[in-house]
Colleague: 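Provided herewith is a single structure, encoded as structure tokens, for subsequent inquiry.
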Amino acid sequence: MAPVKVEKICCIGAGYVGGPTCAVVALKCPDITVTIVDLNQARIDAWNSPNFQLPIYEPGLEDVVRQARGRNLFFSTDVDKAIEEADLIFVSVNTPTKKSGVGAGFAADLNYVELATRRIAAVATSSKIVVEKSTVPCRTAESMRTILEANSSNGCHFQILSNPEFLAEGTAISDLFAPDRVLIGSLQTPEGIDACKALSDVYAHWVPKERILTVGLWSSELSKLAANAMLAQRISSINALSAICEATGANIDEVAHAVGRDSRVGPKFLKASVGFGGSCFQKDILNLVYLSESLHLPEVAAYWRQVVELNEYQKRRFSKRVVDTLFSTITGKRIAVLGFAFKADTGDTRESAAITLIKNFQEERALISIYDPQVEEAQIWSDLAEVSPNIPLEQTKKQVTISKSAIDACRNAEAIVIATEWKEFKEIDWNVVYAHMKKPAFVFDGRLLVDVAKLREIGFKVVSIGRGDNF
């Protein structure tokens, strides 16, 4: 049996992974019709908005959508029609960490994956290639295959592939245009290999063939978890060293630079900070912890759990340092928090360190002003309500204000906390900021972003992650 020539693609899920990925597929494959579907009408309306007010912020994404939308890229809530017409279906739905039940706090919640799989089985009238795009536990494809085979009709056959995404938010479009690798996992049967070849041919429109890696299904699923776990491990390692630097007077930037010059280590992901965030790192490590415990590997589980625990420690440690430096109390003091997204160049706030910091400052009864150039006000209030479910939102709004600019957020503040490494925070007129702050004016740099010497010359007291030479 020859590989299927893919002419129509359906992507179930119009979020951070499905939207950008399949928009780029449409741009690079003008001969393939790509339909991205989602049950969230407001999200689809945003993708279809005449003024391109897209539901997610990602540099370069708007330009991609402008070029392809209406040509061979479509956004719709008609899930069934897209499934029925497609040769290949990406399942790109959310797989959050479970909040209750077996594995709560660690295991991935596969409810949306199962619902999408059952919908495919119910609607499909011809054979399909079904591709896991969501980050899932090892051997999820086996469950999907069981559901599809038990519920399919009309002699439909399904081949399951794993095609994990390795995008970094903020650089997702450039990552998609020139990926380090595209990983495709399949069952090593003739039919599975043919399905793998069909998806490889889609990516081969623009990705060099030597960068398209084809492996076994289970290896592909585990590789995504492994990649994120090892990247997060590097961040927690450098953050652990930052605590030692602060205690000894060493400079973490200098240590990281020296270590990174070793070709066996390399310089990437050695930037100390207030802690990692995002939708993947913590979720995938906890998933790995749960998998290890399920496989009766407690020492392995404990090893990976420590990566997450160190990240939480870093956030607590930074919050405590703010309180200790401000004469052991921040009650009634105004703290300006610059940045709410988990990293620069994205509007994503999932697991953002800023959320934890603000929660800690609230508990100390500080007054907090927040500014972020991309995160919507509604998202900020939603995140603060979720992290403190026992505090009424109206009470939170008495302590927290959201500002329209960095300058406004810093006005009358006693301290500034840099929580996200937005470029604009490097370019603020710090003389103006200093003039309108209470004295002594403190800056707590959680991202190693500012020119410490310059700010000290202006008059600021500067405290940086991983540096013992404070003030």
Side-chain angles (χ1 to χ4, degrees), residues 9-22 35-40 43-44 77 79-80 82-84 86 88-124 128-152 156-167 183-187 192 195 199 216-228 278-291 294 350:
I9 289 175
C10 163
C11 176
I12 302 176
Y16 278 94
V17 175
T21 299
C22 287
T35 304
I36 302 174
V37 294
D38 201 293
L39 294 176
N40 186 324
R43 180 178 290 170
I44 292 299
T77 54
V79 177
D80 291 359
I83 289 172
E84 193 171 352
L88 183 147
I89 302 168
F90 284 113
V91 177
S92 187
V93 295
N94 196 16
T95 53
T97 302
K98 288 182 73 173
K99 293 184 176 180
S100 60
V102 176
F106 293 91
D109 185 344
L110 299 179
N111 180 49
Y112 297 121
V113 172
E114 181 174 338
L115 289 173
T117 305
R118 289 187 180 278
R119 197 71 207 149
I120 293 168
V123 170
K128 312 284 182 188
I129 299 171
V130 179
V131 184
E132 294 174 336
K133 200 69 184 165
S134 306
T135 302
V136 294
C138 200
R139 300 195 80 91
T140 298
E142 195 168 49
S143 303
M144 293 175 69
R145 185 182 181 87
T146 301
I147 292 168
L148 289 167
E149 289 181 348
N151 294 279
S152 62
C156 295
H157 297 286
F158 300 94
Q159 291 301 318
I160 312 293
L161 300 177
S162 168
N163 176 218
E165 55 84 16
F166 294 99
L167 309 179
L183 185 63
I184 304 172
S186 68
L187 288 177
L199 181 56
L217 203 46
W218 322 129
S219 296
S220 177
E221 288 180 334
L222 186 56
S223 293
K224 174 60 192 294
L225 300 182
N228 277 343
S279 64
C280 290
F281 282 179
Q282 178 166 308
K283 181 184 74 170
D284 290 356
I285 295 170
L286 294 175
N287 202 330
L288 204 54
V289 170
Y290 184 70
L291 176 64
S294 301
R350 286 175 288 184

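Below, each value reflects all heavy atoms present in this structure, side chains not excepted, and no hydrogens, waters or symmetry copies.
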Colleague: Please report the shortest heavy-atom distance between Ala141 and Leu217, naming the atom on each side.
Modeller: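 Looking at all heavy atoms of both residues, the shortest contact is CB-CD2, 3.5 Å.
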
Colleague: Between Ser134 (side chain only) and Val93 (backbone N and O only), is there a donor and an acceptor less than 3.5 Å apart?
Modeller: yes

Colleague: Which pairs with one or both residues in residues 92-112 pass salt bridge (charged side-chain N to carboxylate O under 4.0 Å, His left out), sequence neighbours excluded?
Modeller: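 Qualifying pairs, neighbours excluded: Lys99-Glu386.
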
Colleague: Can a donor-acceptor pair be found, under 3.5 Å and without considering hydrogens, that links the side chain of Ser294 to the backbone of Tyr290?
Modeller: yes

Colleague: If you compare all heavy atoms of Ile89 against all heavy atoms of Ala86, which two are closest, and at what distance to 0.1 Å?
Modeller: CG1-CB, 4.0 Å

Colleague: Check the pair Val136 / Asn287 against side-chain contact (heavy atoms from CB on, under 4.5 Å), numbers first and verdict last.
Modeller: CA-CA 8 Å; Val136 294; Asn287 202 330; over 6 Å; no

Colleague: Could you report the tightest heavy-atom contact between Gln159 and Arg145, atom names first, then the distance?
Modeller: OE1-NH1, 4.2 Å

Colleague: Apply side-chain contact (heavy atoms from CB on, under 4.5 Å) to the pair Thr77 and Asp38, showing each step before the final yes or no.
Modeller: CA-CA 5 Å; Thr77 54; Asp38 201 293; 5.9 Å; no

Colleague: Any donor-acceptor pair under 3.5 Å linking the side chain of Glu132 with the backbone of Asn163?
Modeller: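 A pair under 3.5 Å: no.
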
Colleague: As an exercise, state the distance from NE2 of His157 to OG of Ser152, rounded to the nearest 0.5 Å.
Modeller: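 Those atoms lie 8.0 Å apart.
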
Colleague: Less than 4.5 Å apart, side chain to side chain, heavy atoms only: is that true for Leu187 and Ile160?
Modeller: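 Answer no - side chains too far apart.
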
Colleague: When rounded to the nearest 0.5 angstrom, what is the spacing between CG in Leu225 and CG in Leu291?
Modeller: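 The distance works out to 7.5 Å.
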
Colleague: Side chain of Lys133, backbone of Gly18: donor and acceptor closer than 3.5 Å?
Modeller: no

Colleague: Side chains of Ile83 and Ile12: closer than 4.5 Å at any heavy-atom pair?
Modeller: yes

Colleague: Going through the distances and angles, do Thr21 and Phe90 end up as a side-chain contact (heavy atoms from CB on, under 4.5 Å)?
Modeller: CA-CA 10 Å; Thr21 299; Phe90 284 113; 5.6 Å; no

Colleague: Below 4.5 Å, heavy atoms only, C-beta onward: do Phe158 and Met144 meet side chain to side chain?
Modeller: no

Colleague: Nearest 0.5 Å please: distance from the CD atom of Glu221 over to the CG atom of Leu183.
Modeller: 10.5 Å

Colleague: For residues 112-124, please give each side-chain donor-acceptor pair under 3.5 Å, one per line with the distance, not counting sequence neighbours.
Modeller:
residue: Glu114; atom: OE2; partner: Arg118; partner atom: NE; Å: 2.9
residue: Glu114; atom: OE2; partner: Arg118; partner atom: NH2; Å: 3.2
residue: Thr117; atom: OG1; partner: Val113; partner atom: O; Å: 2.7
residue: Arg119; atom: NE; partner: Asp80; partner atom: OD1; Å: 2.9
residue: Arg119; atom: NH2; partner: Asp80; partner atom: OD1; Å: 3.4
residue: Arg119; atom: NH2; partner: Asp80; partner atom: OD2; Å: 2.6

Colleague: Do Pro96 and Arg350 come close enough that some side-chain heavy atom pair is under 4.5 Å?
Modeller: no

Colleague: Show the nearest heavy-atom pair for residues Leu286 and Gly105, with the distance to one decimal.
Modeller: CD1-O, 3.3 Å

Colleague: Where do Arg43 and Ala14 come nearest, in terms of heavy atoms and distance?
Modeller: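 Looks like CD-O, 3.3 Å.
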
Colleague: Does any pair with a residue in residues 88-97 pass side chain to side chain donor-acceptor pair (under 3.5 Å), and if so which ones, sequence neighbours excluded?
Modeller: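 Found Thr95-Lys283.
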
Colleague: Out of curiosity, Ile129 CD1 to Leu88 CG, how far, rounded to the nearest 0.5 Å?
Modeller: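 Rounded to the nearest 0.5 Å, the CD1-CG separation comes out at 5.0 Å.
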
Colleague: Looking only at heavy atoms, which two atoms of Ser219 and Ser223 are closest? And how far apart?
Modeller: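 So the two residues come closest at O-OG, 2.6 Å.
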
Colleague: Apply side-chain contact (heavy atoms from CB on, under 4.5 Å) to residues Leu148 and Val130 and explain how you reach the verdict.
Modeller: CA-CA 10 Å; Leu148 289 167; Val130 179; 4.1 Å; yes

Colleague: Is the side chain of Ser162 donor-acceptor paired with the backbone N or O of Ile184 at a distance under 3.5 Å, no angle test?
Modeller: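 No; judged by distance alone, with no hydrogens or angles, the pair does not exist.
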
